[in-house]
Amino acid sequence: MKFFQGKMFVILCSLLVTGYAFVTCASLYDYSANIECLPEPLPPQYNGGLVRNPNFDMGLDHWNEFGDAKMMPRKSKTDKGSETVSAFYTSTNYHTVLIGSVVAKSGCWSMLKGGFTAYENMKAELHFSTNNTDVELWIDSVSLKPFTKLEWQDHQNESINRVRKRNIRIHVTNRQGQKLQGAKIAIDQTRPHFLLGCSTTETILNHKAYQDWFTPRFTATTFNNEMKWYYTEVLPDQENYTVPDAMVSFFKKHKISIRGHTILWASTNVTQYWVRLLQPKDILKAAVRRVGSVVSRYSGDVIGWDVMNENLHNSFYEEKLGPNASAMFYQIVRALDPNTPLFLNEYNTLEFPTDMNVIPSRYVEKIRETRSFPGNEKMDVRIGLQGHFLRTPKLSHMRATLDVLGATNMPIWLTELDTKRGPAQAAELEEIMREAFAHPAIEGIIVWGGWKPTGCNQTCLTNNNYDVLPKGCAEMCLTDNNFKNLPPGDVVDKLIKEWKTTNVTGVTNIDGVFEQNVFLGEYSVTVSHPMFPRRPVKKKFNVTNGKGPLEMWVSV
């Protein structure tokens with residue numbers, strides 16, 4: 001949907017919305033989106049899909065003006081400003097569903113990309129609106145493309161094969177360079193390229209059973225609290241890094257990557273009381289000292305820094321230090337640790353479409369605001385989406401959101417993924433993880449399911465009031481206190497196994513070649529031949545993204 005923003009223009013279309021279970025035509029999915037302010041509108045995706053007259057070539061045919069809306073010839077506008085525009089549909093039973101939102105700027109065209117799931121055939125009305133009645137909204141084209149559930153899964157599989165896998169060709173010769181048919185090949189992935197991790201707490205340090213459960217599974221982790229400022233400096237000038245130091249040492253020993261979470265937190269409620277009582281100049285002094293302390297301590301030990309946590313929802317430092325406070329702290333972190341990616345980290349962008357503070361275009365605006373600060377222009381900023389799905393996941397909205405954020409060309413992480421307690425928890429977790437893994441923009445996932453005995457005890461696990469989280473209990477537990485997997489843990493194990501290439505064996509063909517499609521990552525290969533039984537060759541290699549097959553030559 002393309003918008004040109006000016007006074008008030010709202011239109012309505014009546015159409016038949018078809019549930020995914022009833023559509024049968026196969027179609028590829030278009031992962032593209034546009035986040036630029038365009039002088040001319042783009043054509044509609046899918047040629048409009050179900051929408052009749054998607055380009056308004058026939059005026060308002062199949063469309064109606066609604067309320068105070070007026071249809072006018074297109075004209076250029078010079079008004080400055082922006083406005084949040086939403087698309088939604090209303091069904092015959094007056095049920096309203098938000099499809100998506102965008103911050104549309106005046107004087108140019110903006111793209112809104114969203115999605116929804118319809119579970120039955122129904123007559124519906126498609127609306128576009130803004131809350132500001134003094135704004136004129138121009139709509140150039142509209143698309144509505146249905147997919148079946150099976151097609152949706154096909155999109156995932158197609159994307160996985162394209163962005164998570166690559167063909168390898170192993171050429172085997174003898175020492176004279178002659179091609180060897182019948183050489184035996186055995187390959188095993190030693191470390192996946194895609195990082196799938198789990199949060200954890202200090203309980204892992206002194207609990208051997210938890211260590212044995214955690215370390216074979218995960219390639220990345222985030223500390224729940226142990227690296228946060230309120231943990232390491234409860235009282236002013238009394239820093240204590242004993243616990244996070246031990247945790248960093250433990251995970252480095254086991255080659256598990258660590259996300260640095262979090263340097264500062266923009267929420268007043270989680271900022272230590274002694275910081276809140278300081279004058280602004282002293283808050284700045286304390287915060288800069290905190291940044292220098294934690295970043296210099298763990299530089300080189302973490303794979304990313306959450307610099308200013310949740311600073312689309314919160315603005316403690318902006319309120320105290322001025323409008324560029326967060327951008328300034330990003331600059332300080334980069335100066336101290338120039339090689340580690342810096343993240344924004346927010347909630348509700350994926351989970352809750354009606355939270356207008358963190359719609360995708362707001363997130364993009366925040367990235368641009370951070371990078372527009374003098375000196376930040378080329379900063380390696382990445383996108384962290386927490387993913388606390390405490391409502392039924394809307395996968396169509398999730399995919400469209402990732403498309404929009406992916407248009408930044410910045411890698412995206414799901415940084416704190418969990419789903420609501422209850423009988424659907426495991427199934428919803430699997431749906432979200434599959435959607436995330438399949439999306440080309442996603443680089444890693446941290447499941448927010450770290451164990452601690454008080455959070456996953458029997459009382460927590462047997463409480464059936466799923467709308468209220470019992471005090472001290474975790475929203476999602478992967479394992480019980482005996483380290484027996486719970487249903488969400490079974491889902492994680494299943495996907496870890498599915499997204500890894502292991503125990504692949506075969507023989508070379510008449511051309512001395514063995515070919516296999518494998519997941520990206522680090523591998524070991526053993527090559528042997530019946531003619532030379534005493535000289536098998538072992539090699540390590542890395543499969544990365546690239547065009548065409550990865551060619552490798554082995555001489556035995």
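For this chain, numbers begin at 1 and follow the sequence in order.
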Please check this pair: side chain of [X] against backbone of [Y], looking for a donor-acceptor N/O pair closer than 3.5 Å.
{"X": "Glu431", "Y": "Leu429", "result": "no"}
{"X": "Asp282", "Y": "Leu278", "result": "no"}
{"X": "Gln272", "Y": "Tyr231", "result": "no"}
{"X": "Glu351", "Y": "His388", "result": "yes"}
{"X": "His193", "Y": "Arg164", "result": "no"}
{"X": "Glu435", "Y": "His439", "result": "no"}
{"X": "Arg166", "Y": "Gly548", "result": "yes"}
{"X": "Tyr330", "Y": "Phe343", "result": "yes"}
{"X": "Thr200", "Y": "Phe223", "result": "no"}
{"X": "Glu83", "Y": "Thr130", "result": "no"}

Just wondering, are more than 12 heavy atoms of other shown residues or ligands nearer than 6.0 Å to [atom1] in [X]?
{"X": "Gln279", "atom1": "CD", "value": "no"}
{"X": "Asn47", "atom1": "CG", "value": "no"}
{"X": "Lys320", "atom1": "NZ", "value": "no"}

I'd like to check [X] versus [Y] (side-chain heavy atoms, cut-off strictly below 4.5 Å). Are they in contact?
{"X": "Val518", "Y": "Gln189", "value": "no"}
{"X": "Thr392", "Y": "Glu428", "value": "yes"}
{"X": "Phe437", "Y": "Leu495", "value": "no"}
{"X": "Val295", "Y": "Thr340", "value": "no"}
{"X": "Met433", "Y": "Val492", "value": "yes"}
{"X": "Glu318", "Y": "Met308", "value": "no"}
{"X": "Ile442", "Y": "Phe194", "value": "yes"}
{"X": "Tyr317", "Y": "Ile283", "value": "yes"}

Gap between atom [atom2] of [Y] and atom [atom1] of [X] - 0.5 Å precision:
{"X": "Trp448", "Y": "Met476", "atom1": "CH2", "atom2": "CE", "value": "11.0 Å"}
{"X": "Asn545", "Y": "Leu550", "atom1": "CG", "atom2": "CG", "value": "11.5 Å"}
{"X": "Ile35", "Y": "Ile367", "atom1": "CD1", "atom2": "CD1", "value": "7.5 Å"}
{"X": "Phe329", "Y": "Thr370", "atom1": "CZ", "atom2": "OG1", "value": "13.0 Å"}
{"X": "Leu112", "Y": "Ser361", "atom1": "CG", "atom2": "OG", "value": "8.0 Å"}
{"X": "Arg368", "Y": "Thr408", "atom1": "CZ", "atom2": "OG1", "value": "9.0 Å"}

State whether a side-chain donor-acceptor pair under 3.5 Å links [X] with [Y].
{"X": "Asn240", "Y": "Thr242", "value": "yes"}
{"X": "Arg362", "Y": "Thr84", "value": "yes"}
{"X": "Tyr29", "Y": "Asp154", "value": "no"}
{"X": "Asp140", "Y": "Trp109", "value": "no"}
{"X": "Ser32", "Y": "Gln45", "value": "yes"}
{"X": "Thr262", "Y": "Asp306", "value": "no"}

Quick one: do Glu443 and Arg382 satisfy salt bridge (Lys or Arg N to Asp or Glu O under 4.0 Å)? Show the steps, please. CA-CA 10 Å; Glu443 187 176 64; Arg382 301 191 181 184; 3.1 Å; yes
For residues [X] and [Y], report the shortest heavy-atom separation together with the two atoms involved.
{"X": "Ala327", "Y": "Phe373", "result": "CB-CB, 3.6 Å"}
{"X": "Val270", "Y": "Tyr230", "result": "O-CD2, 3.3 Å"}
{"X": "Ser141", "Y": "Pro43", "result": "OG-C, 4.4 Å"}
{"X": "Cys198", "Y": "Gly449", "result": "SG-C, 3.7 Å"}
{"X": "Asn311", "Y": "Lys366", "result": "ND2-CE, 3.4 Å"}
{"X": "His397", "Y": "Leu350", "result": "CD2-O, 3.2 Å"}

For Thr415, give me all partners under side chain to side chain contact (heavy atoms under 4.5 Å, CB included), at least two apart in sequence or on another chain.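 For Thr415 the side chain to side chain contact (heavy atoms under 4.5 Å, CB included) partners, ignoring immediate neighbours, are Arg259, Asn345, Gln386, Trp413.
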Output all residues satisfying side chain to side chain contact (heavy atoms under 4.5 Å, CB included) with Thr232, sequence neighbours left out; order by chain, then residue number.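 Scan of Thr232 (side chain to side chain contact (heavy atoms under 4.5 Å, CB included), adjacent residues dropped) gives Trp229, Tyr241, Pro244, Arg290.
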Step by step, work out the side-chain contact (heavy atoms from CB on, under 4.5 Å) result for Arg371 and Glu377. CA-CA 5 Å; Arg371 297 183 75 179; Glu377 293 84 0; 5.9 Å; no
Between Glu498 and Arg434, does a side-chain contact (heavy atoms from CB on, under 4.5 Å) hold up when you go through it step by step? CA-CA 11 Å; Glu498 183 179 324; Arg434 287 190 181 279; 2.8 Å; yes
Indicate the ring-plane relationship of Phe147 and His155, choosing parallel, tilted or perpendicular according to the 30° and 60° boundaries.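 Aromatic pair Phe147/His155 classed perpendicular.
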Assess the residue pair Met356 and Ile359 against the criterion (side-chain contact (heavy atoms from CB on, under 4.5 Å)); give the C-alpha distance rounded to whole Å, side-chain angles, the decisive distance to 0.1 Å, and a yes or no. CA-CA 5 Å; Met356 294 296 148; Ile359 60 175; 3.8 Å; yes
Show, in sequence, the C-alpha distance, side-chain angles and deciding distance for Tyr347 and Glu416, and conclude whether the side-chain contact (heavy atoms from CB on, under 4.5 Å) test is met. CA-CA 9 Å; Tyr347 63 93; Glu416 304 177 19; over 6 Å; no
Would you say the ring centers of Phe218 and Phe251 fall short of 6.0 Å from each other?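 So the answer is no for these two rings.
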